[in-house]
Every structure is written in C-alpha cells, then in structure tokens.
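Please read the structure below before turning to the comments.
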2 protein chains.
Amino acid sequence: MAAAAGVSPTTVSHVLSGNRPVNERTATRVRSVVSRLGYVPASLARGLQAGSTSVIGLLIPDISNTFFAELAKGVEDAAHHLGYGVILCNTEFDSDREDRYLGLIRSRFVDGVVYAAGSPPSRQRLDALVGQFPIALADEEVEGLGATLITTADHEGGGRLVGEHLRTLGHRRALMLTGPSDLRSSSARGSGFKEAFEGEVVERVGDFKEESGYRLMKEALATGRLEQTAVFAGNDLMAIGALAALREAGLSVPQDVSLAGFDDIRAASLVFPPLTTVHQPAYDVGHTATTQLLQYVARHQVPPSARHTLPVQLKVRESTAPPAP
Amino acid sequence: MAAAAGVSPTTVSHVLSGNRPVNERTATRVRSVVSRLGYVPASLARGLQAGSTSVIGLLIPDISNTFFAELAKGVEDAAHHLGYGVILCNTEFDSDREDRYLGLIRSRFVDGVVYAAGSPPSRQRLDALVGQFPIALADEEVEGLGATLITTADHEGGGRLVGEHLRTLGHRRALMLTGPSDLRSSSARGSGFKEAFEGEVVERVGDFKEESGYRLMKEALATGRLEQTAVFAGNDLMAIGALAALREAGLSVPQDVSLAGFDDIRAASLVFPPLTTVHQPAYDVGHTATTQLLQYVARHQVPPSARHTLPVQLKVRESTAPPAP
DNA sequence: TTGTAAGCGTTATCAG
DNA sequence: CTGATAACGCTTACAA
C-alpha cells in the first residue's frame, strides 16, 4: 500500500489517522490510492500495537430467548455507538462452551465483557477474571464475586407488584412456580412476592424454561383439586407452560385461576388470555451495562463496584381477575 | 511468561500447541507456570502471525426478531463447533451501521461472513467484498452478486403450500400482504402462492414488519366490505398485525376470514387463534450457511457459487378454514 | 513535512 | 530437544 502511493507506511498511517499533519498534496495522493485499492488497515495489527481490540464479548445463555435477544440488542446498540464491536458468546448453559469463551476473553481478544449468563457454576471461572479484567454483570448478579459493575432490573420490586396486585384482587392462596433457587433474580422475585402477598404461598422450583412451567403445573394439578386461586410463575416462559397445563386440565384463566408471569416477553401479550406480567427492561439492562462498562474500558481502567437497578412495571392484562367466590 | 519458566518463547509455544516434541520434564514445568500465571496466548498476535482470526461475522438486521435470533443460534452453534467465534453485526436496516461493519470485515478482523441482511442497498457495498472474501448469503439472496454461497429456505415452495391449502379449503379470492418487493424471499413467496392458488389475488406491499400488516389490513378494510375470504401475509409478524386489524374491525378468524402467515416464529402458535403458517428452518439456514462457509474458510479458499434450498413445512393451525358459505 | 526503526506477542524457519 | 531470529502489519518515538 505504502509503496503504491510512493510514501512510507508511516505517512499512510498518519493520513488515515490524522495523528500528525501531512502535506495536502501527499495526503490527497495517498487517499486516492487507498480508495482505489480499497485498503483498510488490518485491525489485528492495529490492535496488537494498541493493546486493545475495540470489541467486547457478550456472554448469554441463549440468544433465541427473546429476553436475551432484547438485551443483546441493547448491548450492541451501546457498543456500536461507542465504536465497539460485540462478539456473541452463546453458552447454551453449557459450561464447556462457557469455558471456551472465557478462554477467548483471557486471550485478550476483547476489551471487556458483558456477562449475562449467571448460572452458578460460572462463579469460579469468573473469579479468575474479575479484578483483572473489565466485566459488567447484566441481569443476573453472581454471589460472592468481587468488585463488579452490576445492572439488573428490580426483580424484588417486580415480585412485590405482582403480590400486591393479586392480594388486592382478593386472592389469599397462591402457587409460585419459581426459577432456579440459586439465581438471585429468581429468589428476589419470590421474596418480593411473598412479602407483598401476605397470604399463603406454596412454592415449586423450576428452571425458567417453558417445559418446567408445564411440568410443575401438571404436578400441582395431579394432587387433586388445586388449592390455590392464583399462580405466579417465575417468568413468562414458565407461565406459558403453566397455561398449557391449565388448559389441558380444563381450567380456564382467569375464571378458575389467575396467572401472572415475569419479563413481558413479546409472547406474553400474544397468548390467550394475554398475560399479566412484569415488564423487565431487557434492552435497557443491556444498554446500561454496556455503557457503564465501556466508560472504564475506554480509559483502560478496571471498573469499580457499582450497582444499577432499573425500574420494572406491572402490566395488568387479562390473565388475572378476582378469585371465583 | 517464557522467562518465568526459564525457557524460550518458542518452547512455550510448542508445549502449548504440541507442534513439536518437548522434553517431558520441560513441558511439565512450563505447564505448571502457565497454569499458575493463568497465561493464555494473545489471540491477536497469534492471528496476526497466522493470518486468520478464527472469528466470522454475522450480519443481520435485527437480533431481537426471533427469526434472526434462531438463525443466529444456528450460526453460532456451527461456528463454535468448528472452533470459530461469531461477531454480531446488527444493522438495524441502517446503512451507516452496515458500512461500519463491512469496514470491520475488510480490516480482516474476521475470516468470513454470514450475511443475512439482504436489503437491496447492500448490493454495491457487498460487491467490493465478494470474490475476494469468503461470504455466505443466508436466508436472502442478493440479486446480481457474483460467486457466492447461498442458503435459503424454499420460499417459493412455501408460498405454493399456502396457496394449495387455501384453494383446497375452497377459497377463490385472496388478499396478499407482501413484504418488500425487492427481496427475493418476499417475491418468491408471492409467486409460489399465486401459482398454486389459481384464484383471484389482490396484492398490497408492506415491509415485513408487524405495523405494516396492521396498516395494510386497515386500508383494505377501509374500502368497505372485504372482498376476499382469505389473507396471506408475507410473514408472521405481518399476519399478527393483520390479525389485530381484523379483530378491531369486528371480523373473526377464521369464521369471517382465513389468515395465513410465513416463518413459524414462536409467536405464531401463541396468538389466538394459532396461526396457520409455513415453518421456515431458521436455525438450519444459519447452521448450513455457516458450515458451508467454514469449509472453505478453513482451507483459505474463497467459496464457489452454490445454492442450498432448505425444505419448508406447512403448519396448519386454527386461523384457516373453509370460507363462509 | 517525511522517513527509519523499534516493538506489540505470537509462530515458523533455521541452527545447534 | 531447544533456542535465536524473522516476520505478520501496524503505530509511534526519534531523526532528518
């Protein structure tokens, strides 16, 4: 490239970066050759020299889950806006896969990480990174981790909103279909709910997947007549599973039983009946986490501890109603 | 690192790569230092030396669209399986953004690209790349592009399936709410449909977004009584929009009008009534495109022209029925 | 205003 | 069996 323009690589570099003045004639000549040849500086070489890649990693368990897809969009938007690329690390809840990606991170292919795959086995793996590498936890916090940026929705507040809502409607006995008990997001939803509901709550533990909502609901139904008048599912996916089980059992929502979810994924408003749920700002979580992270990454600093809790919103739709008399 | 183990960098490299025999004692010592220090070779330096990054780019318009999210998952799975990472390039249908990402590609940050953002303005931008850079087109082909790998679902066949289905039910007049006319996928669905339907078809052109389905349906309804007994939307999103418009107009599906979509996104089976649609193997499209692409990338070859058309499947649900007598 | 040379952290080649 | 050296393609002192 330099040869083609009859100048040194240095000059080409400076023409392109504007890092030092270049004679206008020379610059023009260089630019014309650059565009004729379609030359673009090799980002690897540049990154090696600069000690940074302008790319961040996004670790999530499942990109086809609309919640994470929204979050990913927020991350990508923020990153793009600040001049960073995003490398997609889909773990499928698989620890081998997560390991591989953590390796990629430690090989300094990325300048920072937005970590949204908070399943517990991740902890030890993360430990090695945190404090030495810029990480922002999104959506899920990881217990016992050192200094980190944390951005989550207000899970506890959301649970509280649902609890109040059902109590106000007149429900006194509720069934909770929770997510994994070792996830803070899951337990926080539950504790918020129980605190506000004040009535009798029976818990069944699932895993945030649709199938577990279905199965748990089936099990609850199998014991005979359902004792509770309301069901609070740990997330919308589980609620949708529970809805199917309820329908199969000939129970109608909300006449026979009220049902509420969490997340407000797109499907929640599409099912019949549309689901009462807690809107979680997935996009904002991703966006905020990324903006926070990059603020430090750009200055070559390891981020400090800080927590951002984003507000949630109760969406009352048609799946909840007063209990049958 | 090398110093800490008392050997040369060369030896460290060989211990880690296994590229040449190393004395077992030396190797053990090196490995212990490696793990104590948590050393991982810098991928940038490695990539610079090797002339490849083991990362591919995935260009899509919108990761929060479930179709693309599924496709992305297929891409990521295939890539991961073959030892590649995926960098997420979400264009938001924005050409500036696409340009930035194409720049990233031309800077050789990636070894290849899966391109699934086939909006027409992309063509000239792609031209500069194709033939010099490994690209696989997924889901959407771009007209007039040179040698490329193309993987799409059988859009035309899918349209045909819907056409036959509606004709068999007894419909003779249909309204088509199409996607952008300059997308092959969209026009192919339409031509397949018209060919098989054999009846009278009125077309209205939208843009594959939910809102356009709603608007187009509204417009059709505004002209007075709907002349057609069946509506074929270019994709499920548009069908869901149309469904809302129909509902608002007091028309019920499928009693008053039959409605079919395309894609079989998750929401399609969740809406009420569940949508008759064409299942498009989004995951497989992504997976196939990536597998094909990497086959050449791994050998440092530019891929030849080849086309893979993946079969689609008609999912008959409750939104279609014989026309009212 | 421009060029030369060092160095970023690897791996391949060539020696020993 | 192991080490020195060059090279990957850039950017940035340092020189001219």
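Per chain, numbering begins at 1; letters A, B, ... match sequence-line order.
- Applying the salt bridge (charged side-chain N to carboxylate O under 4.0 Å, His left out) rule to B/D284 yields no partners; only residues at least two apart in sequence or on another chain are considered.
- Residue A/T11 is in sugar-phosphate contact alone, with no base atom involved, counting any heavy-atom pair closer than 4.0 Å across all strands shown.
- The backbone N or O of A/C89 sits nowhere less than 3.5 Å from a side-chain atom of A/R97 that would complete a donor-acceptor pair.
- Qualifying ring-ring contact (aromatic ring centres under 6.0 Å, His included) partners for A/Y283, counting only residues two or more places apart in sequence or in other chains: A/H287.
- Residues satisfying the side-chain hydrogen bond (donor to acceptor under 3.5 Å, both in side chains) criterion with B/S13, sequence neighbours excluded, are absent altogether.
- Residues meeting the ring-ring contact (aromatic ring centres under 6.0 Å, His included) test with A/H80, sequence neighbours left out: B/Y101.
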Contact letters for nucleotides 8-16 of chain C, in which S counts primed atoms plus P, OP1 and OP2 and B counts the base, heavy atoms under 4.0 Å: BBBBB-B--
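- Every pair passing side-chain hydrogen bond (donor to acceptor under 3.5 Å, both in side chains) that includes a residue from residues 49-58 of chain A is listed here, sequence neighbours excluded: A/T53-A/D111.
- Heavy-atom contacts of chain B under 4.0 Å fall on DNA chain D between two terminal nucleotides, which in 5' to 3' order are D/dC1 to D/dG9.
- The ring-ring contact (aromatic ring centres under 6.0 Å, His included) search around A/F109 returns B/F109, not counting sequence neighbours.
- Applying the salt bridge (Lys or Arg N to Asp or Glu O under 4.0 Å) rule to pairs touching residues 295-309 of chain B yields B/E141-B/R307, sequence neighbours excluded.
- With sequence neighbours excluded, the residues forming a side-chain hydrogen bond (donor to acceptor under 3.5 Å, both in side chains) with A/S8 are A/T11, listed by chain and number.
- Summary for the helix from C/dT1-D/dA16 to C/dG16-D/dC1: the axes at its two ends, each from 5 pairs, differ by 50° when rounded to the nearest 10 degrees.
- Contacts of B/F208 classified as ring-ring contact (aromatic ring centres under 6.0 Å, His included), with partners at least two apart in sequence or in another chain: none.
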